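One structure below.
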Amino acid sequence: MCGIIGFIGQNAQKTILNGLELLEYRGYDSAGLAMRTQKMKNTEIFKCKGRVRDLRNIVPEEDNASGCGIGHTRWATHGGVCDQNAHPHKSGKVTLVHNGIIENYADLTEEYELEDVLVSETDTEVVAALLDKYYDGDPQKTIWHVAKKLRGTYALVIMFEDIPDRIFAIRNVSPIVVTTKDDNAILASDPAALYQFSKSYFVLPEESILCMEQGTIRMTDQAGNLIEPEYQTVDWEVESVGKKGYPFFMEKEIMEQPEAIKRILEHYIKNDEISFAEEKIPDEVLYSFDHICIVACGTALHAGMIGQTLLKRWANMRVDVEMASEFMYSDTRVDEHTLFIAVSQSGETIDTMGALKKAKECGATCLAILNVRGSSISREADYVLYTDAGPEIAVASTKAYTTQLLIFYLFALKAATLKGLMGKEEFKEALGELKKLPNAMTKILEMKNEIHLLSKEVVTAPDLFMIGRGLDYLVLLEGALKLKEISYIHTEAYAAGELKHGTIALITEGTPVIAAVTQKPLLAKSLSNVKEIKARGANVVLLTRSGLTKEIEGGYHVIELPDLSDAFMPFLEIEALQLYAYFVSSDKGLDVDKPRNLAKVVTVE
Ligand code: M6R
């Protein structure tokens, strides 16, 4: 979850601070850096609770000195949020930053009697103390020796006091990416921090140690053999990492959705056929499995739930959807007859990765739907479909969701035609609806003032309910997650028909409710559920589509979405809900992009 960086070269302090700002979305409860320049006799450490902007206030005025340094933005796991627990941690000659969790830190502390040298409550400091205990002037030998004792996940970036011009790194599961340019060498937990130097980078392989010196890098395995880096290039624009004039990344990312959808359509639809040929996915993968198992977390899970509905509806497939964290310990059977689909924006979520590894062990064929190229999950999966939505920086996922949805639509449509379950006409109509998406989605963005106005009514509300049936319900699960994670309003999405079985007891005079009513066959039933809550005093906003408004009586606030056929409405509904959540959060004066307690990349179980 945490962001880590290591740099050797010109303007070291400035580069590390700027890099940390780009990585801050990974964790932002404390920040720190350790520096060594020619002017310094020892490594100097600056760290504090808070953001990178707080760290900037305590580091000495920037100079242009070249040097060597490591930095960290923290998402606390072991030990509270305080200056002392912030990274880097120093023990004797060793200074390091860490992303991940050392599961056996308590055992190590006891076994190696480290209690007296530890000053923080973190698992990380135990590693620094152990390294220092064994350090004999040979960094690689010491790192291998200690790494063998560690259980858990880690990306460790290490400096040794007596080797002031080198940085070492090793990892297990948690990512480290590396690049060089001219006299500079840089590593980070995420390519976002590297774009300032290069669009090409490599992932540090597990079971290797990286040694960075000015402008050069060297990787060796445990036997000391050199390992050649495998460079890859990202095609994201460097400017796409910025806010492009928007106050928050989330707004920018919401606004980017029509363009991202258009890009995916152009990529996957050729001559009015859906093709995954470039991704080298054979047709059999789309139709020959008895069972599909979709696994993901959070927003990606919600996209998977819609995927499940489509695959069942169009391709008559048997599909399970599970939370990755539950799948790991569940009895869901996957085997060689299963197509396992992992969905993840970052491609680094540890639960999703763990689930995919388990599915592979059971013999399943694994397909991943990912946004970040070269991510850990991409390296494990048999096949990958990329959403290529560009960097998503705001913690609240927006464009990742709609682009994941689109991949499921394309996949299900293609599977349906390959299985002979969808006729030419029906397929043509569906493609026609998909092609309308970029324009229809742009229209929702143009409604942002109207949505903003409606959202103002709930800024002080403690609770909010969202109700709907079928696809409407599934998209509301995502809408509710958006509102709760960035506005801190307790929001629950309910299947409208389920309300009467308990939850309606919570509806009282003035309770805000968003009711999604876009699915024609469910219209009558959904509307009677809306009337039931209205009769109990709920303050209802109806999210519906222009083709249905005639059938709805007055007395509601209405968000009228453009008319697409039923199956395609989720793209429009979610954009409206994203904007709604965004405005509530920004009107409350919250940090929209960095909600409390969260981090963008969840690399702990
Ligand atoms: O990177 P991933 O798609 O695997 O992340 C999964 C979830 O952590 C993520 O979608 C999370 O729920 C978002 N913050 C929701 O906005």
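None of the values given here were measured: they were computed from a predicted structure. In each ligand, atom 1 is the first atom listed, and ligand 1 is the first ligand listed. Hydrogens, waters and symmetry mates are skipped; everything else that's a heavy atom, side chains included, is used. Residues take their numbers from the sequence shown, with the count starting at 1.
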* Asked: For residues N85 and E121, is any side-chain donor paired with an opposing acceptor at under 3.5 Å?
  -> yes

* Applying a 4.0 Å heavy-atom criterion (strictly less than), which segment of K482 is in contact with ligand 1: side chain, backbone, both, or neither? -> side chain

* Structure fact -> Heavy-atom proximity to atom 4 (O) of ligand 1 ranks first, among I369, T349, L301, for T349

* Among side-chain atoms of E492 and H490, is any donor-acceptor pair under 3.5 angstrom? -> yes

* Identify the closest protein heavy atom to atom 7 (C) of ligand 1: which residue and atom is it, and at what distance? -> C297 O, 3.6 Å

* **Donor on one side chain, acceptor on other, Q345 and S397, under 3.5 Å** => no

* Can you spot which of S189, S30, C2 makes a side chain to side chain contact (heavy atoms under 4.5 Å, CB included) with H72? => C2

* Asked: What about Y201 and Y231, are their ring centers closer than 6.0 Å?
  -> no

* Taking the six-membered ring of Y154, is the NZ or CZ of R171 close enough (under 6.0 Å from the centre) and on axis enough (within 45°)? -> no

* With only distance considered, is E478 within less than 3.5 Å of ligand 1 through an N or O on each side? -> no

* To do: Around atom 8 (O) of ligand 1, find the nearest protein heavy atom and jot down its residue, atom name and distance.
  => V602 CG2, 3.9 Å

* Kindly confirm or rule out a cation-pi arrangement of R596 over Y488, judged by NZ or CZ under 6.0 Å from the six-membered ring centre and within 45° of its axis? => yes

* Asked: S344 to ligand 1: N or O pair under 3.5 Å?
  -> yes

* Asked: Going by distance alone, is a donor N or O of one side chain under 3.5 Å from an acceptor N or O of the other, for T503 and E498?
  -> no

* For atom 3 (O) of ligand 1, grab the closest protein heavy atom and report residue, atom and distance to one decimal in Å. => Q345 N, 2.6 Å

* Asked: Just distances here: any N/O of S397 and N/O of ligand 1 closer than 3.5 Å?
  -> yes

* Asked: With only distance considered, is V343 within less than 3.5 Å of ligand 1 through an N or O on each side?
  -> no

* Asked: Nearest to atom 9 (C) of ligand 1, what protein heavy atom do you find, and at what distance?
  -> T299 N, 4.1 Å

* To do: Among all protein heavy atoms, pick the one closest to atom 16 (O) of ligand 1 and tell me residue, atom and distance.
  => E485 OE2, 2.4 Å

* For ligand 1, is any non-hydrogen atom under 4.0 Å from E348's backbone (N, CA, C, O), its side chain (CB onward), both, or neither? -> neither

* When only distance counts, is T352 in polar contact with ligand 1, meaning an N/O pair under 3.5 Å? -> no

* To do: Give the atoms of ligand 1, by number and element, whose distance to some non-hydrogen atom of A396 is under 4.0 Å.
  => 16 (O)

* Asked: So, is the end of the K482 side chain (NZ or CZ) under 6.0 Å from the ring centre of Y582 and within 45° of the ring's axis?
  -> no

* To do: Quick one: look up the protein heavy atom nearest atom 1 (O) of ligand 1 and list residue, atom name and how far away it is.
  => S346 OG, 2.7 Å

* Structure fact -> protein heavy-atom neighbour closest to atom 13 (C) of ligand 1 works out as V395 O, 3.7 Å

* Can T365 and D382 be counted as having a side-chain donor-acceptor contact under 3.5 angstrom? -> no

